[in-house]
Trainee: 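One structure is given below, represented as structure tokens, and several questions about it will come after.
The chains referred to below are lettered A, B, ... by the order of the sequence lines, with proteins before strands, and numbering in each begins at 1.
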2 protein chains.
Amino acid sequence: MSAQMSIAGPEETHSAPTLSAVAKLAGVSSITVSRVVRLPDLVAPETRGRVEAAMRELGYVPNQLAVGLARARTRSIGVLVPTIANSIFADTVQGLSDELEPLGYAVILAQSRYDDAREDHMLSALLSRRPEAIIMVGSPATEDGARLLRRAGIPVAETWDLPAAPIDAVAGFNNYEAGVAVARHLVERGRNNLAFIGGDDPRATRRWNGFNDTAQALGAKAPRRLVLDRNASGSVVALAELPGVDAVFAANDAHAIGFMSGLRKAGLLRDGPAAEQPVAIIGLGDLEMGRLIAPSLSTIRVNGDAIGRTAAQLILTRQGPRHIDLGFELVLRDSG
Amino acid sequence: MSAQMSIAGPEETHSAPTLSAVAKLAGVSSITVSRVVRLPDLVAPETRGRVEAAMRELGYVPNQLAVGLARARTRSIGVLVPTIANSIFADTVQGLSDELEPLGYAVILAQSRYDDAREDHMLSALLSRRPEAIIMVGSPATEDGARLLRRAGIPVAETWDLPAAPIDAVAGFNNYEAGVAVARHLVERGRNNLAFIGGDDPRATRRWNGFNDTAQALGAKAPRRLVLDRNASGSVVALAELPGVDAVFAANDAHAIGFMSGLRKAGLLRDGPAAEQPVAIIGLGDLEMGRLIAPSLSTIRVNGDAIGRTAAQLILTRQGPRHIDLGFELVLRDSG
DNA sequence: CATCGTAATGTTAACGTTGTCATTTGCCAT
DNA sequence: ATGGCAAATGACAACGTTAACATTACGATG
């Protein structure tokens, strides 16, 4: 695919009808048509009827670009996520979009793919669309990105984390404490040989830090950390690289389920309760799947949908607290 | 939340710098700045340097709304999906977005939530942003929606199905034949008491039709159809409503895994191969999870990522075939 | 009956860019 | 010297809409 490639044109270029096309057909001026759309009470019923008929006949759809230019309000918001296919963030996009779409906002979606340069690029591309706010997972990875957002002078919501120096609003949870909670639970249950598997993005790293610090403080062996690529299948073979491990914290449920599959192949998975598992495994995210499989997956539950809805509300108003900790919950099931 | 709610304003309203703000600072006219951005070769190196410095100093980001208005090319595409959260469609959005973002296109995302009225509304909202193309899952549910798309005069890609009378381009697979393949497989393996569980959207219904027609043609008992709400948990208890069933086709893998969980509780799930399962279960989508759980999930594999990429390519060009059948594949594992 | 208010409609100038023509240089060939 | 030409830059009108002000018609008011 060449970079000059562009959208194919329609067979017949009948460009969309404009306000003045409708006006001409209805025998009024364009501003009257505009009023029929926005302030129908100001237009005489008889005139309004004629205009509405003309709009229907031509299939008039207002041009939001022009509206946005004229009013300096685009009714759109930019959303930046690392990836959308990895459903942990899909819930958040769904949540914020359910909150915003009924209000007439369009969601402009961009993916950084965990790539700092691409993140900056997408941020700038997003901003060039003049969204009224930006919602992103995490914080800008570079100072350039942060500066871009600050200069834009629009509400910004950072999510899925609690950054120390946020740009504006925050809707997330404490990733470090999540790691602490998991390590404490595992060590208290007598596990001694811990490992952390997952990505090495900032949020995963914060979980690792909490996990590592706590495990060592409580007297367990120094945990190992295995950085895996993004798809769960990689974690199936992780076991081979962790000889002697008796408890694993996975950065997300997909990795946890992949690792469970590896344990099963190695004959190290029991159908019984957590105490009987040769290797305990705890995930993060609380995917619906985790509840349905056997053994059921213990996990740090994070409400991605609520994060999205909260972020939406934060950018809709300046009242009230700007930094919201949605918390997490250690949900214990059969895996650890 | 009231409907009049709107984005909170920034503390200090320093609206974004414009072309002419940069021009003034650099001591040139706005058109020269415009050329530095688009056609740098036309500007003398010395001037260009001054302009670039001014752009950097002001943090200039071009206003794509104005560009779009002036050039009648918005470099954006509208994407309409039923839902984005834990669904097979996230892969498609990821795929098309990976294809389109590097080319400078913005993805405007909208969800219909399987609601016909909302779909029409979102279609119209999308079109008001003047996207250069529309990619949607399925086909417009109403004639109004179809008319809207046809009148827009832009490329339209319908996906995840092979509509009989498509508006323009198609990237999907034959849902009816998927149902046929599953029914044939199950009946040939000696299953006789079949059921179909899942939603009742048009695509699921087409799968059901193929499934039902084929099962009966091959002499099995008339299959039952159980319509469930959208989340997988509903399918956990589906078993109770299907006494005597010995094979189930689920409209997607999430439902299949939910149903498996119900089978497990009922003691009707074996760790062995498909032939030993009291109740065979086959899903659709080939979620990574399905491969990792035990027993592993048999499924109709559909490449959602390829659907998205293909749809993107179809709207980027008019050459070549406009209707692409990406096919599907019956992947047999331990569940049925 | 002149004045005023109000309902209904219209005019004009933005919004920030780009396309389409100028215009100003300086230099080269004649 | 002089016309011609290219390189560099600029003026101005679009693009489709809205904000702010202007105009009309007409019945009510003193």
Trainee: Without decimals, in angstroms, what is the distance between A/Q64 CD and D/dC15 C1'?
Mentor: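 So the two atoms are 16 Å apart, to the nearest Å.
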Trainee: Within a strict 4.5 Å, meaning less than it, do heavy atoms of the B/T74 and A/L65 side chains meet?
Mentor: yes
Trainee: Decide yes or no for B/E132 and B/I315: does some side-chain heavy atom of the first lie under 4.5 Å from some side-chain heavy atom of the second?
Mentor: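 No; the side chains remain at least 4.5 Å from each other.
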Trainee: Relative to the 5' end of DNA chain D, which residue comes earlier, B/R71 or B/A44, by the nucleotide with the nearest heavy atom?
Mentor: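 Its nearest nucleotide lies further toward 5', so the answer is B/A44.
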Trainee: Check this one for me: any side-chain N or O of B/Y60 less than 4.0 Å away from OP1 or OP2 of C/dG16?
Mentor: no
Trainee: Please determine whether a side-chain nitrogen of the Lys or Arg among B/R203 and B/D201 lies less than 4.0 Å from a carboxylate oxygen of the Asp or Glu.
Mentor: yes
Trainee: Once you round it to whole Å, what is the distance between C1' of C/dT20 and CG of B/L39?
Mentor: 14 Å
Trainee: Provide, to the nearest angstrom, the distance between the CG atom belonging to A/N63 and the C1' atom belonging to C/dC15.
Mentor: 13 Å
Trainee: In whole angstrom, give the distance that lies between atom CG of B/D41 and atom C1' of D/dT9.
Mentor: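 After rounding, the reported distance stands at 16 Å.
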Trainee: Do B/P140 and B/I167 touch side chain to side chain, with heavy atoms closer than 4.5 Å?
Mentor: yes
Trainee: Taking side-chain contact (heavy atoms from CB on, under 4.5 Å) as the criterion, tell me which of A/D116, A/L123, A/L149, A/D120 meets it with A/D144.
Mentor: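 Single pass found, and it is A/D120.
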Trainee: As an exercise, state the distance from CZ of A/R75 to CG of A/L103, rounded to the nearest 0.5 Å.
Mentor: 7.0 Å
Trainee: For B/T32 and D/dT9, is the shortest distance between a side-chain N/O and OP1 or OP2 below 4.0 Å?
Mentor: no
Trainee: Could you check how far CD1 of A/I31 sits from P of C/dA8, rounded to whole Å?
Mentor: 16 Å
Trainee: If only atom types and distance count, is the side chain of A/T159 paired as donor or acceptor with the main-chain N or O of A/M136 below 3.5 Å?
Mentor: yes
Trainee: Considering only D/dC15, D/dT9, D/dA20, which nucleotide approaches the side chain of B/V43 most closely?
Mentor: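 Of the candidates, D/dT9 comes closest.
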Trainee: Return the minimal non-hydrogen interatomic distance between B/G104 and A/R129, and the atom names on each side.
Mentor: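 Taking every non-hydrogen atom into account, O-NH1, 3.9 Å.
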Trainee: Tabulate protein N/O versus nucleotide N/O from nucleotides 21-28 of chain C, keeping only pairs under 3.5 Å, one per line.
Mentor:
none

Trainee: Report yes if at least one side-chain N or O of A/R38 is closer than 4.0 Å to OP1 or OP2 of D/dA19; otherwise report no.
Mentor: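 Yes, because at least one side-chain N or O of A/R38 sits under 4.0 Å from OP1 or OP2 of D/dA19.
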Trainee: Under a 4.0 Å heavy-atom cut-off, which of residues 20-29 of chain B touch DNA chain C?
Mentor: none
Trainee: Give the rounded distance in Å between these two atoms: CZ of B/R73 and C1' of C/dG19.
Mentor: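 Computing the B/R73:CZ to C/dG19:C1' distance gives 15 Å.
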Trainee: Kindly indicate whether the side chain of B/L100, heavy atoms from C-beta on, has any atom under 4.5 Å from the side chain of B/L316.
Mentor: yes
Trainee: Within this structure, what is the CG-to-P distance between B/L42 and D/dA6, rounded to whole angstrom?
Mentor: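 Going from B/L42 (CG) to D/dA6 (P), I get 14 Å.
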Trainee: Looking only at the side chain of B/T18 (C-beta and beyond, no hydrogens), which of the listed nucleotides C/dT17, C/dC15, C/dT18 gets closest?
Mentor: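 The answer is C/dT17.
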Trainee: Just how far, in rounded Å, is P of C/dT12 from CG of A/L19?
Mentor: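 My rounded result for the distance is 17 Å.
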Trainee: Do B/T83 and A/Q94 pass the side-chain hydrogen bond (donor to acceptor under 3.5 Å, both in side chains) test, and can you show the C-alpha distance, the side-chain angles, and the key distance before you say yes or no?
Mentor: CA-CA 7 Å; B/T83 167; A/Q94 163 127 255; 3.3 Å; yes
Trainee: Indicate yes or no: at least one non-hydrogen side-chain atom of A/V170 is less than 4.5 angstrom from one of A/P163.
Mentor: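 Side chain of A/V170 against side chain of A/P163, heavy atoms only: contact under 4.5 Å found.
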Trainee: For DNA chain C, which residues in residues 45-56 of chain B have a heavy atom at a distance below 4.0 Å?
Mentor: none
Trainee: Any ion pair linking A/R50 and A/E46 (charged N to carboxylate O, less than 4.0 Å)?
Mentor: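 A/R50 and A/E46: salt-bridged.
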